[in-house]
There are 2 protein chains.
Amino acid sequence: MKVPSVEVEQRIERFKEAAKAAGLKLTHQRLEIFREVASSLDHPGAEAIFRAVQSRMPTVSLDTVYRTLWMLNDLGLLTTLGQRREAVRFDANLAHHHHYVCVRCGLARDFESTELDAIRVPGAVKKLGRVLTTHVEVRGVCEKCAAEQARKSPAAKKTAAVKGRGA
Amino acid sequence: MKVPSVEVEQRIERFKEAAKAAGLKLTHQRLEIFREVASSLDHPGAEAIFRAVQSRMPTVSLDTVYRTLWMLNDLGLLTTLGQRREAVRFDANLAHHHHYVCVRCGLARDFESTELDAIRVPGAVKKLGRVLTTHVEVRGVCEKCAAEQARKSPAAKKTAAVKGRGA
DNA sequence: CTGACTGCAAACCCTTTGCAGACCG
DNA sequence: CGGTCTGCAAAGGGTTTGCAGTCAG
């Protein structure tokens, strides 16, 4: 199953504009890599994207895939699933709960809410398979990071600077 | 900030029982490692747990921390945050959407729901920091995996066998 | 043409594993 | 005491980086 090609073309168009606006070169590789992610419904990892692109363009290298993917992420044309590429984190709270995660430093906190526990998923989801748990993930910027940011740069420059590690 | 010690002691009690039931030895290391995770409100990674335990017990090694953590996970005494310890995965769908993830093979699918988009987080969460996005993650077992499982083992044995990789 | 981009290979980080000695039960 | 568990060190998988040649604009 694939994203409808009309939608894919729109996404590619958006990419071209964003690239031009950012002064980035539209290389054959970048186009193919973006096309691959943009037309996937499952959310492929770098390796899978690499293999798919490679079948059409045997010279690409895995590192270009990575570089391009993060570039697209910085351009805001795609996002990553889950907590960035961090190490596993453990949770000894067995009660049904939800998470607040700071996108800047990775701070994670539990919260409980009977209202959110009661969420009912749309019927379409049930067609995908059995449902075990439903969990809400709230992302935001924690107090501490907000304070730090305010101190460091009263007028933020570029949002693209969130590349380094977490805390 | 820490988990109240009454709660921590209860968790440890549960661990001791589970260990006994499973015939696992209650070593000093295991106890300290579990105590550390069980009393953390943030969700530490292996490295952080290691450092904390090390300060009280200078001889522990990082690999014991890992081994113990996964053992606790298998016992059902803790869970991991996010998509297991897999590689990063990318998502070119910019519309507000939610995810269904198969815990067995890692399959991920988007779904949309104006109802879920409208979720309001409890006031307590707002004290933690600014909220950027709210995203529902539904975990389950996809059709394909359910079918495979049914074929392989009509009468499932132990749930603890989900250790290997994804698809 | 020229600087940005690519491919290569080596480096890096996190996690896992094999082995011999240590310790729980 | 015996088998499990630990610590060590080295391997492993995914991701990143420095460099010299290549290509888009």
Side-chain angles (χ1 to χ4, degrees), chain A residues 15-34 37 43-51 53-54 56-75 80-90 106 160 162-167, chain B residues 15-34 43-51 53-54 56-75 80-90 106 162-167:
Chain A
F15 167 41
K16 288 182 179 170
E17 284 163 28
K20 183 169 293 179
L24 294 166
K25 296 191 174 175
L26 265 179
T27 64
H28 194 190
Q29 289 89 326
R30 286 178 174 177
L31 231 22
E32 285 306 314
I33 292 167
F34 182 64
V37 198
H43 297 299
E47 187 75 32
I49 297 166
F50 171 56
R51 278 197 302 271
V53 172
Q54 197 180 36
R56 275 173 277 138
M57 183 195 265
T59 60
V60 267
S61 65
L62 183 55
D63 35 285
T64 297
V65 172
Y66 277 109
R67 280 189 280 230
T68 303
L69 255 12
W70 289 120
M71 181 212 75
L72 291 165
N73 178 67
D74 289 345
L75 281 180
T80 60
L81 236 64
Q83 321 298 136
R84 224 155 236 297
R85 75 283 168 354
E86 274 172 11
V88 220
R89 298 171 66 167
F90 300 86
V162 202
K163 283 198 65 180
R165 64 236 12 235
Chain B
F15 166 41
K16 288 180 179 170
E17 284 164 28
K20 183 170 295 181
L24 294 167
K25 298 191 172 172
L26 265 179
T27 63
H28 194 190
Q29 290 88 327
R30 287 179 173 175
L31 230 22
E32 285 306 315
I33 292 167
F34 182 65
H43 297 298
E47 186 73 34
I49 297 166
F50 171 56
R51 279 197 301 270
V53 172
Q54 198 181 34
R56 276 173 279 139
M57 182 195 268
T59 60
V60 268
S61 66
L62 182 55
D63 35 288
T64 296
V65 172
Y66 277 110
R67 280 189 279 229
T68 302
L69 256 12
W70 290 121
M71 181 213 74
L72 291 165
N73 179 67
D74 289 346
L75 281 180
T80 60
L81 236 65
Q83 321 300 136
R84 223 152 238 298
R85 73 286 172 349
E86 274 172 11
V88 219
R89 299 173 64 168
F90 300 87
V162 202
K163 282 200 66 181
R165 64 241 11 243

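Please read all numbers here as calculations on a predicted model, not as lab measurements. Side-chain atoms are counted along with the backbone in the values below, which use heavy atoms only and exclude waters and symmetry mates. In what follows, chains carry the letters A, B, and so on, assigned in the order in which the sequence lines appear, proteins first and then strands, with residues in each chain numbered from 1.
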Got a list of protein N/O to nucleotides 22-24 of chain C N/O distances below 3.5 Å?
{"from": "C:dC24", "atom 1": "O2", "to": "B:Lys25", "atom 2": "NZ", "distance (Å)": "2.9"}

Give, for atom [atom1] of [X] and atom [atom2] of [Y], the distance between the pair rounded to the nearest 0.5 Å.
X: A:Arg89; Y: B:Thr80; atom1: CZ; atom2: OG1; value: 11.5 Å
X: B:Ile33; Y: B:Arg67; atom1: CD1; atom2: CZ; value: 10.0 Å
X: A:Phe34; Y: A:Leu69; atom1: CZ; atom2: CG; value: 10.5 Å

Round to the nearest Å and state the distance from [X] atom [atom1] to [N] atom [atom2].
X: A:Leu69; N: D:dT16; atom1: CG; atom2: C1'; answer: 14 Å
X: B:Phe50; N: D:dC8; atom1: CZ; atom2: C1'; answer: 12 Å
X: B:Leu31; N: D:dT6; atom1: CG; atom2: C1'; answer: 15 Å
X: B:Glu47; N: C:dC12; atom1: CD; atom2: P; answer: 17 Å
X: A:Met71; N: D:dA24; atom1: CE; atom2: C1'; answer: 14 Å
X: A:Gln54; N: C:dG7; atom1: CD; atom2: P; answer: 10 Å
X: B:Asp74; N: D:dT4; atom1: CG; atom2: C1'; answer: 16 Å
X: A:Met57; N: D:dC23; atom1: CE; atom2: C1'; answer: 12 Å

Not counting sequence neighbours, list each pair that qualifies as a salt bridge (Lys or Arg N to Asp or Glu O under 4.0 Å) and has a residue in residues 15-24 of chain A.
none
Nearest-nucleotide 5' precedence on DNA chain C, B:Leu62 against A:Ser61
A:Ser61
On DNA chain C, check which nucleotide each of A:Gln29 and B:Gly45 is closest to and give me the residue with the more 5' one.
A:Gln29
Give the ring-plane orientation class for B:Trp70 versus A:Phe90, where under 30° counts as parallel, over 60° as perpendicular and anything between as tilted.
perpendicular
Looking at A:Arg30, does any N or O in its side chain come under 4.0 Å of the phosphate oxygens OP1/OP2 on D:dA24?
no
With a 4.0 Å limit, can you tell me whether B:Thr59 has a side-chain N or O closer than that to the phosphate oxygens OP1/OP2 of D:dG7?
yes
Which residues satisfy the side chain to side chain donor-acceptor pair (under 3.5 Å) test with A:Thr64, sequence neighbours excluded?
A:Ser61
Suppose we screen for salt bridge (charged side-chain N to carboxylate O under 4.0 Å, His left out). Which residues come up paired with A:Arg30, at least two apart in sequence or across chains?
none
Short N/O separations, protein against nucleotides 18-21 of chain D, under 3.5 angstrom:
{"from": "D:dG18", "atom 1": "O6", "to": "A:Arg67", "atom 2": "NH1", "distance (Å)": "3.4"}

Contact summary for A:Val65 and A:Ala46, nearest pair of heavy atoms
CG1-O, 3.8 Å
Across all chains, not counting sequence neighbours, the ring pair (Phe, Tyr, Trp, His ring centres under 6.0 Å) partners of B:Phe50 are none
